[in-house]
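Since the model is a prediction, treat every value here as computed from it, not as a measurement. Basis for what follows: all heavy atoms, side chains included, without hydrogens, waters or symmetry-related copies.
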Amino acid sequence: MKTLFLIFFILLASIRTTTHGTSVPTLSTPKQAHKMPNNETIYQVSKQLCWGCFGEALQFLFAQNLVRAAKWEFPLMWDVQLEKYARWWAGIRKSDCQAQHSFPEGGFKLGENIYWGSGSGWTPTDAVRAWADEERYYDYRSNTCQSGKVCGHYTQLVWRITRRVGCARVICDDGDVFMTCNYDPVGNYVGERPY
């Protein structure tokens with residue numbers, strides 16, 4: 001029980017809520033303070049809000065920090081800028097739900113894990129579990145992945161110098177789910193072990 005409480009406390013402490021200088025949209029300017037906002041303004045502002053995002057953010061963060069704790073790695077902190085980037089990319093993928101990275105191959109400036117699931121019931125915990133399950137293909141001694149298998153999602157998840165994460169989940173137009181997480185500093189350097 002003490003362990004669960006400690007993990008929950010670490011999770012709450014790791015949520016980073018600063019906006020790095022971004023502004024929050026307002027419904028009126030000082031000159032228009034006496035006017036009621038019109039329906040179009042209300043629609044545009046509410047479209048930018050994500051009503052279920054806080055709960056999903058907690059799921060992403062908690063699940064990933066549990067995997068990192070198993071390797072004695074520091075917990076990740078939630079980063080609003082990384083979330084904003086992930087939400088942008090998930091928005092692009094909403095129309096086709098392709099499991100495609102936001103960077104060209106070899107052009108990664110952030111770490112990035114992506115997930116696609118058939119149907120709309122997939123959760124952030126499912127995505128993290130799929131990435132973490134790649135551990136079975138990773139051999140720490142040789143620092144390699146089994147031939148024909150993927151383990152880069154797992155190694156990014158537990159990369160020792162990574163400190164921040166931001167993720168997004170979207171239900172695509174075809175009813176499937178696309179999820180993405182971005183990490184900073186980036187991991188998966190060739191020749192280096194994740195932990």
Could you grab the distance from atom OH of Y183 to atom CG of L76, nearest 0.5 Å is fine? 7.0 Å

Any side-chain heavy-atom pair of W116 and I114 under 4.5 Å: no

Distance-minimising heavy-atom pair for C145 and V150: SG-C, 3.5 Å

Please work out whether the ring planes of F103 and Y85 are parallel, tilted or perpendicular, with thresholds of 30° and 60°. parallel

Indicate yes or no for a side-chain donor-acceptor contact from R68 to the backbone of L157 under 3.5 Å, with no hydrogens or angles considered. yes

Beyond-backbone contact of Q156 with E134, side-chain heavy atoms, under 4.5 angstrom: no

Nearest-0.5 Å distance, OG1 of residue T162 to CE of residue M77: 11.5 Å

With hydrophobic residues grouped by side-chain heavy-atom distances under 4.5 Å, do V67 and I161 end up in a single group? no

Give me the atom names and distance for the closest heavy-atom approach of R136 to Q146. O-NE2, 3.6 Å

Heavy atoms of R163 and F74 approach each other most closely as NH2-CD1, 3.5 Å

Strictly by salt bridge (charged side-chain N to carboxylate O under 4.0 Å, His left out), give each pair with a member in residues 116-130 just once, sequence neighbours left out. D126-R129

Is any side-chain heavy atom of D184 closer than 4.5 Å to a side-chain heavy atom of D79? no

Quick check on the hydrophobic clustering: are I92 and L110 connected, directly or via other members, by side-chain heavy-atom contacts under 4.5 Å? yes

Rounded at 0.5 Å granularity, tell me how far CZ in F60 sits from OG1 in T123. 8.5 Å

N188 and T155: side-chain hydrogen bond (donor to acceptor under 3.5 Å, both in side chains), yes or no, with the steps? CA-CA 7 Å; N188 287 340; T155 53; 2.4 Å; yes

Rounded to the nearest 0.5 Å, the CZ atom of R164 sits from the CD atom of E83 at a distance of 15.0 Å

Report the residues that fulfil side chain to side chain donor-acceptor pair (under 3.5 Å) with Y138, sequence neighbours left out, ordered by chain and then residue number. N143

Minimal non-hydrogen separation, A90 against A168, with atom names: CB-CB, 4.1 Å

Below 4.5 Å, heavy atoms only, C-beta onward: do K109 and V186 meet side chain to side chain? no

Counting only heavy atoms not in Y195 (residues, nucleotides, ligands), do more than 12 fall under 6.0 Å from its OH? yes

Does a sphere of radius 6.0 Å around CH2 in W89 hold more than 12 heavy atoms from other residues, nucleotides or ligands, not counting ones at 6.0 Å or beyond? yes

What are the two closest non-hydrogen atoms of R93 and C172, and how far apart are they? O-SG, 3.8 Å

With a 4.5 Å cut-off on side-chain heavy-atom distances among I, L, V, M, F, W and Y, is there a chain of contacts connecting W131 to W159? no

Nearest-0.5 Å distance that lies between atom OG in S102 and atom CH2 in W88: 6.0 Å

Heavy-atom side-chain proximity of C181 to Q64 below 4.5 angstrom: yes

Contact summary for P124 and Q59, nearest pair of heavy atoms: CD-OE1, 3.3 Å

For Y137, give me all partners under ring pair (Phe, Tyr, Trp, His ring centres under 6.0 Å), at least two apart in sequence or on another chain. none

Given the rule that I, L, V, M, F, W and Y join up when any side-chain heavy atoms are under 4.5 Å apart, are V158 and W78 in one cluster? yes

Do Y115 and H153 touch side chain to side chain, with heavy atoms closer than 4.5 Å? no

Return the CE to CD1 distance between M179 and I171, rounded to the nearest 0.5 Å. 9.5 Å

Do the side chains of Y140 and R193 get nearer than 4.5 Å, heavy atoms only? yes

